[in-house]
Novice: 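One structure, as structure tokens, below. Some questions next.
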Amino acid sequence: MTIQTYLTKQMHDALKAAFKLSIESIQIETPKDKTHGDFSTNIAMQLAKDLRRSPMQIAETLLPFIHCDARVESIEIARPGFINFTTNKRYFAEVIPTILAQGSSYGNLTIGSNEHYNIEYVSVNPTGSLHIGHARGAAAGDTLSRILKKAGFEVTREFYVNDGGNQIHQLTLSIEARYKQTFNIDCALPEDGYYGPEITRLAEHIKTTKKDTLLNHPDAYDFFRAYGVDYLLSEIKDDLARFDVTFDVFFSEASLYQTDAINQTLSLLKEKGYTYELDGALWLKTSDFGDSKDRVIIKSDQTYTYLLPDIAYHHHKVSRGYTKLIDILGGDHHGYVPRLQASIEMVVGKKGMLEVDLLQMVKVIEDGVEVKMSKRSGKALSLRDLIDSVGKDPIRYFFAMRSLNTHMDLDLDLALKQSNENPVYYAQYAHARISSLLEKAQSLSMDLSFQSLEFERLNDEKSETLITLLVEYPQVIEEAATKRIVHRIPQYINRLATALHSFYAGDPVIAMDPSNAAVRLALLKAVQIVLSDALNLIGVTAKNKM
RNA sequence: GUUUCGGUAGCUCAGUCGGAUAGAGCAACGGCCUUCUAAGCCGUCGGUCGGGGGUUCGAAUCCCUCCCGGAACGCCA
């Protein structure tokens with residue numbers, strides 16, 4: 001049981017004893033100012049109105065009824081009615097052997113033990129290279145998956161490959177045109193085609209293997225289509241792998257057409273009476289489930305809109321037995337969310353099965369001017385190029401730092417500079433410093449057994465700050481997982497790195513007497529373990545040397 | 001016009017069930033390397049939380065309204 005849970009329980013008991021109240025939601029928070037103790041509650045102020053007494057009076061009445069064990073050193077009341085708890089740091093130093101024993105399992109939770117989440121992210125059309133905008137979604141989905149796993153959820157990571165629609169047709173025509181152009185045949189790309197350099201590269205690639213045999217071949221279209229999707233998808237997979245983003249399932253939209261999946265979903269929706277015909281089209285009554293209007297699922301030319309196969313796809317996911325589906329989409333799809341959620345509610349018969357987390361667009365700045373991504377010109381900053389120039393770690397860290405719904409600016413001149421503008425180096429440096437210090441200690445034959453540690457020797461402020469942060473780690477995981485606040489992790493990393501650098505700038509551990517050194521080396525080892533684990537959650541390398 | 005995200009320090013951003021003096025990094029300024037890695041440490045400067053109303057013990061946070069910026073509003077995908 002964490003200290004917060006414990007304090008919540010003790011407060012609950014105290015309120016019962018003092019006022020015969022049973023209150024579920026008691027907030028235990030960590031004050032920013034250390035003079036306010038390590039934990040505090042505002043319950044006295046919240047009860048002021050109901051009890052018709054002043055917060056200070058309530059707190060004072062309550063105080064004798066609060067009984068805590070040795071972990072709590074003192075309990076104080078502060079104006080305007082806060083109850084502040086100061087913890088015993090020696091007790092909390094016990095976290096060190098715990099971390100040393102558990103290693104990277106420290107901070108693992110069980111809050112998701114009966115859940116199996118499916119998280120869908122990236123899901124781009126295989127019509128080109130991944131660009132910087134896709135990278136944000138990739139980083140967010142991957143990090144959220146890792147955090148949820150750490151919190152005890154079973155997680156399946158999924159990529160929906162849109163290989164069935166008109167866009168693939170446009171892609172095929174684009175490849176064909178580029179292919180012909182390699183033979184100096186004048187052939188324009190379609191208006192809605194794909195103009196990126198990767199399509200030209202793909203065409204050149206086909207030319208080297210197939211020569212001119214596809215110029216007037218009857219099966220050329222089918223070849224370009226299949227080969228193009230395959231080629232581009234495998235490039236996307238390569239880029240994601242280099243970005244340390246992985247998937248358990250790549251689900252093909254086209255496969256829905258090959259099976260009976262769409263018809264099954266369609267029959268279900270019809271059976272339940274959620275469809276009607278109008279003007280030769282088939283409509284879905286999404287407005288009955290919170291959408292602003294009904295939507296067409298089969299057009300009057302009898303082809304499907306994008307929505308129907310997407311419902312079938314989500315239906316398929318539901319049938320695989322997940323307890324929740326999470327889609328991570330770009331903010332430009334926000335208008336699509338109500339109809340999709342309405343549809344899923346129709347399929348499963350209840351609300352809340354599908355959660356959609358939106359992330360806002362990335363604005364790229366170069367030379368102080370916004371770089372507009374354009375499909376027409378094929379101008380877009382590819383993830384591949386960015387990884388080549390700055391590396392994976394700064395990009396992963398940078399994306400992880402930001403709240404999903406912030407509109408973020410990415411200044412290329414800064415990002416490419418590898419300056420300490422990017423806090424990833426600060427965090428990695430903290431880890432590297434510990435590594436080299438432990439190495440040094442070992443070379444000096446210092447005691448690294450981490451046994452018979454005298455924790456009372458960790459009574460200096462810098463050690464206590466580190467210990468408090470280590471104790472806090474499971475709470476950080478819980479908040480990040482349940483509230484989907486991915487950026488809580490880099491924030492924590494930064495605080496831990498700051499505390500470490502400050503500790504490091506103090507008295508050299510190497511020069512201390514054996515007992516003092518031994519316990520501090522153990523503390524550092526514990527910090528290293530947690531730092532490494534947290535960095536891993538956001539896909540950033542924990543370096544041993546820099 | 002409707003929907004949606006945002007507007008917090010010079011810049012990029014935290015502040016996620018309303019809490020104590022609104023924070024961090026960078027930039028700027030001043031110190032610190034014969035001592036475990038200076039990609040570091042210590043300190044200073046920096047704010048009408050877009051404007052105005054309201055709700056209450058207390059509002060950056062909740063409600064109303066207006067202003068500014070991004071995005072979406074198809075029988076496209």
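Quantities reported herein were computed from a predicted structural model and do not represent experimental measurements. Within every chain, numbering begins at 1; the chains are lettered A, B, ... in the order of the sequence lines, protein sequences first and strands thereafter.
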Novice: Side chain of Lys462(A) only, heavy atoms from C-beta on: which candidate in rC42(B), rA24(B), rC75(B) is closest?
Specialist: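 Closest of the options to the side chain of Lys462(A): rC42(B).
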Novice: Quick check on rA38(B): is either OP1 or OP2 less than 4.0 Å from any side-chain nitrogen or oxygen of Arg433(A)?
Specialist: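 So the side chain of Arg433(A) is within the cut-off, an N or O lying under 4.0 Å from OP1 or OP2 of rA38(B).
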Novice: Could you check how far CE of Met56(A) sits from P of rA20(B), rounded to whole Å?
Specialist: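 It works out to 16 Å between those atoms.
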Novice: Using a cut-off of 4.0 Å on non-hydrogen atoms, how would the nucleic acid contact of Ile26(A) be classed: base, sugar-phosphate, or nothing?
Specialist: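 No contact at all - Ile26(A) keeps every heavy atom at 4.0 Å or more from the nucleic acid.
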Novice: In the strands shown, is rA72(B) matched to any nucleotide by a Watson-Crick or G-U wobble pair with both distances under 3.5 Å, and which?
Specialist: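 Base-paired to rU2(B).
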Novice: Between the base of rA20(B) and the side chain of Asn84(A), is there a donor-acceptor distance below 3.5 Å?
Specialist: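 Yes.
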Novice: Are His134(A) and Tyr121(A) close enough that their ring centers fall under 6.0 Å?
Specialist: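 Distance test on ring centres: not under 6.0 Å, no.
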Novice: Please classify the glycosidic conformation of rC33(B) as syn (within 90° of 0) or anti (everything else).
Specialist: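 Glycosidic conformation of rC33(B): syn.
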Novice: Say we look at rA24(B) and rA14(B): how far apart would their C1' atoms be, to the nearest angstrom?
Specialist: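 The same atom, C1', in both gives a distance of 7 Å.
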Novice: For nucleotides rC5(B) and rC41(B), find the distance between their C1' atoms and express it as a whole number of Å.
Specialist: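 The answer is 39 Å between these two C1' atoms.
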Novice: At 4.0 Å (heavy atoms only), tell me whether Met408(A) reaches a base, stays on the sugar-phosphate, or touches nothing.
Specialist: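 Contact class for Met408(A): sugar-phosphate only.
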Novice: When all nucleic acid strands are considered with a 4.0 Å heavy-atom cut-off, which category describes Lys363(A): base, sugar-phosphate, or nothing?
Specialist: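 Contact class for Lys363(A): none.
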Novice: Applying the Watson-Crick and G-U wobble criteria at under 3.5 Å, what pairs with rG40(B)? Answer none if nothing qualifies.
Specialist: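 Matched rG40(B) with rC32(B) under the 3.5 Å cut-off.
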Novice: Would you say the side chain of Met408(A) lies within less than 4.5 Å of the side chain of Arg136(A), judging by non-hydrogen atoms?
Specialist: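 Arg136(A) reaches Met408(A) side chain to side chain.
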Novice: Checking all strands, does Asn405(A) fall into the base, sugar-phosphate, or nothing category for heavy-atom contacts under 4.0 angstrom?
Specialist: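 Answer is sugar-phosphate: Asn405(A) comes under 4.0 Å of backbone atoms only.
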Novice: Suppose you measure atom C1' in rG51(B) against the same atom in rG69(B); what distance do you get, rounded to whole Å?
Specialist: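 About 16 Å, rounded to a whole number of Å.
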Novice: Would you check if there is a donor-acceptor pair between the side chains of Arg53(A) and Thr61(A) at a distance under 3.5 Å?
Specialist: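 Short answer, yes.
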Novice: Would you mind classifying the nucleic acid contact of Gly506(A) as base, sugar-phosphate or nothing, using non-hydrogen atoms under 4.0 angstrom?
Specialist: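 Contact class for Gly506(A): base.
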Novice: Please compare His333(A) and Arg402(A) by the position of their nearest nucleotide in RNA chain B and report the one closer to 5'.
Specialist: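 By nearest-heavy-atom nucleotide position, the 5'-most residue is Arg402(A).
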Novice: Using a 4.0 Å heavy-atom cut-off, does Asn544(A) contact any base of the nucleic acid, only the sugar-phosphate backbone, or nothing at all?
Specialist: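 Here Asn544(A) touches the bases of the nucleic acid.
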Novice: Do Ser300(A) and rC75(B) have a side chain to base donor-acceptor pair shorter than 3.5 Å?
Specialist: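 Yes, a donor-acceptor pair under 3.5 Å.
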Novice: Counting neighbours of CG on Asp507(A) that are heavy atoms of other residues, nucleotides or ligands and sit closer than 6.0 Å, is the number greater than 12?
Specialist: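 It does not: Asp507(A) CG has 12 such atoms or fewer within range.
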Novice: Partner lookup for rC49(B), please. Criteria are Watson-Crick or G-U wobble with both distances under 3.5 angstrom; report none if nothing qualifies.
Specialist: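 Result: none.
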Novice: Taking the minimum atom-to-atom distance to the side chain of His487(A), which one of rG19(B), rC36(B), rU16(B) wins?
Specialist: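 Output: rU16(B).
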Novice: Let's see if you can work this out: which of rC57(B), rC36(B), rG15(B) has an atom nearest to the side-chain heavy atoms of Pro508(A)?
Specialist: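 Nearest to the side chain of Pro508(A) among the choices is rC36(B).
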Novice: Main chain of His431(A), side chain of Ser435(A): is a donor-acceptor contact present, judged purely on distance under 3.5 Å?
Specialist: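 Pair found, side chain donor or acceptor close to backbone of His431(A).
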Novice: Take atom CG of Leu358(A) and atom C1' of rU3(B), then tell me their distance rounded to the nearest Å.
Specialist: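 After rounding, the reported distance stands at 12 Å.
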Novice: Could you give the distance separating rG23(B) and rG15(B) at their P atoms, to the nearest angstrom?
Specialist: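 15 Å, rounded to whole Å.
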Novice: Between rC26(B) and rC68(B), how far apart are the two C1' atoms, rounded to whole Å?
Specialist: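 Here rC26(B) and rC68(B) have their C1' atoms 26 Å from each other.
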Novice: Ignoring backbone atoms, establish whether His36(A) has a side-chain N or O less than 4.0 Å from OP1 or OP2 of rG19(B).
Specialist: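 The answer is no; no side-chain N or O of His36(A) sits under 4.0 Å from OP1 or OP2.
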Novice: Check the angle between the aromatic planes of Tyr274(A) and Phe289(A) and answer parallel, tilted or perpendicular using the 30° and 60° thresholds.
Specialist: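 Tyr274(A) vs Phe289(A) ring planes: perpendicular.
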Novice: Which base, if any, makes a Watson-Crick or G-U wobble pair with rG19(B), both distances under 3.5 Å?
Specialist: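 Paired with rC57(B).
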Novice: Given rG70(B), rC75(B), rG15(B), which nucleotide is nearest the side-chain atoms of Gln360(A)?
Specialist: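 That would be rG70(B).
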Novice: Give one of base, sugar-phosphate or nothing for Ala48(A), where a contact means two heavy atoms less than 4.0 Å apart.
Specialist: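 Answer is nothing: Ala48(A) stays at 4.0 Å or more from every strand.
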Novice: On the nucleotide rU3(B), are OP1 or OP2 found under 4.0 Å from the side-chain N or O atoms that Lys293(A) carries?
Specialist: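 For rU3(B), neither OP1 nor OP2 has a side-chain N or O of Lys293(A) closer than 4.0 Å.
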Novice: Identify which nucleotide among rA77(B), rU35(B), rU16(B) has an atom closest to any side-chain atom of Ser403(A), counting heavy atoms from C-beta outward.
Specialist: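 Looking only at heavy atoms from C-beta outward on Ser403(A), the closest nucleotide is rU16(B).
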Novice: State which of rA14(B), rC5(B), rA77(B) makes the closest approach to the side chain of Gln167(A).
Specialist: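 Of all the options, the side chain of Gln167(A) is nearest to rA77(B).
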Novice: Taking atom P of rA24(B) as reference, at what distance in whole Å does atom CZ of Phe398(A) sit?
Specialist: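 The distance from CZ of Phe398(A) to P of rA24(B) comes to 20 Å, rounded to the nearest Å.
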Novice: Output the rounded distance in Å from CD (Gln475(A)) to P (rU16(B)).
Specialist: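 Value for this atom pair: 16 Å.
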Novice: Classify the side chain of His501(A) and the base of rC41(B) as holding, or not holding, a donor-acceptor pair under 3.5 Å.
Specialist: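 Donor-acceptor pair under 3.5 Å: no.
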Novice: Any base atoms under 4.0 Å from Met361(A), or only sugar-phosphate, or nothing? Heavy atoms, all strands.
Specialist: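 Touches nothing.
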Novice: What is the separation between atom CG on Asp409(A) and atom P on rU8(B), rounded to the nearest whole Å?
Specialist: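 Rounded to the whole Å, the gap is 12 Å.
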Novice: Could you work out which one of rG15(B), rC36(B), rA77(B) sits closest to the side chain of Asn125(A)?
Specialist: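 For the Asn125(A) side chain, the nearest candidate turns out to be rA77(B).
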Novice: Using a 4.0 Å heavy-atom cut-off across all strands, classify Asp507(A) as base, sugar-phosphate, or nothing.
Specialist: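 Contact class for Asp507(A): base.
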Novice: For the residue pair Tyr160(A) and Tyr313(A), categorise the inter-ring angle as parallel (less than 30°), tilted (30 to 60°) or perpendicular (more than 60°).
Specialist: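 Judged by the thresholds at 30° and 60°, the geometry between Tyr160(A) and Tyr313(A) is parallel.
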Novice: Assess Arg433(A) against Tyr504(A): is NZ or CZ under 6.0 Å from the centre of the six-membered ring, and within 45 degrees of the ring's axis?
Specialist: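 Yes, Arg433(A) and Tyr504(A) form such a contact.
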Novice: Assign Thr406(A) to base, sugar-phosphate, or nothing according to its heavy-atom contacts below 4.0 angstrom with the strands shown.
Specialist: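 Sugar-phosphate contact only - Thr406(A) comes under 4.0 Å of backbone atoms but never of a base.
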Novice: In whole angstrom, what separates Gln528(A)'s CD from rC36(B)'s P?
Specialist: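 The answer, rounded to whole Å, is 19 Å.
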Novice: Taking atom types as modelled, find out whether Thr86(A) and Asp38(A) have a side-chain donor-acceptor pair closer than 3.5 angstrom.
Specialist: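 Distance-only check fails for Thr86(A) and Asp38(A).
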Novice: Rounded to the nearest angstrom, tell me the gap between atom NE2 in His407(A) and atom P in rG70(B).
Specialist: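 Roughly 10 Å, once rounded to whole Å.
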Novice: So, do Tyr336(A) and rA72(B) meet the stacking rule of ring centres under 5.5 Å and planes under 30°?
Specialist: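 Whether judged by distance or by angle, Tyr336(A) falls short somewhere, so it does not stack on the base of rA72(B).
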Novice: Could you check which nucleotide pairs with rC26(B) in any of the strands shown, counting Watson-Crick or G-U wobble with both distances under 3.5 Å?
Specialist: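 Check on rC26(B): paired to rG10(B), both distances under 3.5 Å.
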Novice: Please pick, from rG19(B), rU16(B), rC5(B), the nucleotide with the shortest atom-to-atom distance to any side-chain atom of Gln46(A).
Specialist: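 Per side-chain heavy atoms of Gln46(A), the pick is rG19(B).
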Novice: Give a yes/no on whether any side-chain N or O of Asn422(A) is located under 4.0 angstrom from OP1 or OP2 of rG25(B).
Specialist: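 Negative; the distance criterion is not met.
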Novice: Is Ser502(A) near enough to rC42(B) that one of its side-chain N or O atoms lies under 4.0 angstrom from OP1 or OP2?
Specialist: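 So the side chain of Ser502(A) is within the cut-off, an N or O lying under 4.0 Å from OP1 or OP2 of rC42(B).
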Novice: Give a yes/no on whether any side-chain N or O of Lys299(A) is located under 4.0 angstrom from OP1 or OP2 of rC76(B).
Specialist: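 Looking at the OP1 and OP2 atoms of rC76(B), one of them is under 4.0 Å from a side-chain N or O of Lys299(A).
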Novice: Looking at every strand, decide which applies to Ala511(A) at a 4.0 Å heavy-atom threshold: base, sugar-phosphate, or nothing.
Specialist: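 The answer is nothing, as Ala511(A) stays clear of every strand by at least 4.0 Å.
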Novice: rG70(B) and rC76(B): how far apart are their P atoms, nearest whole angstrom?
Specialist: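 One P to the other, the span is 28 Å.
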Novice: Between Thr498(A) and Tyr304(A), who's closer to the 5' end of RNA chain B by nearest nucleotide?
Specialist: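 Its nearest nucleotide being more 5', the pick is Thr498(A).
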Novice: Round to the nearest Å and state the distance from His334(A) atom NE2 to rG6(B) atom C1'.
Specialist: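 Rounded to whole Å, this separation is 13 Å.
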Novice: Taking the side chain from Asn422(A) and the backbone from Val424(A), do they hold a donor-acceptor pair closer than 3.5 Å?
Specialist: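 Yes: the side chain of Asn422(A) pairs with the backbone of Val424(A).
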Novice: Look at the side-chain N and O atoms of Tyr426(A) and state whether any lies under 4.0 Å from the OP1 or OP2 oxygen of rC41(B).
Specialist: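 For rC41(B), OP1/OP2 do have a side-chain N/O of Tyr426(A) under 4.0 Å.
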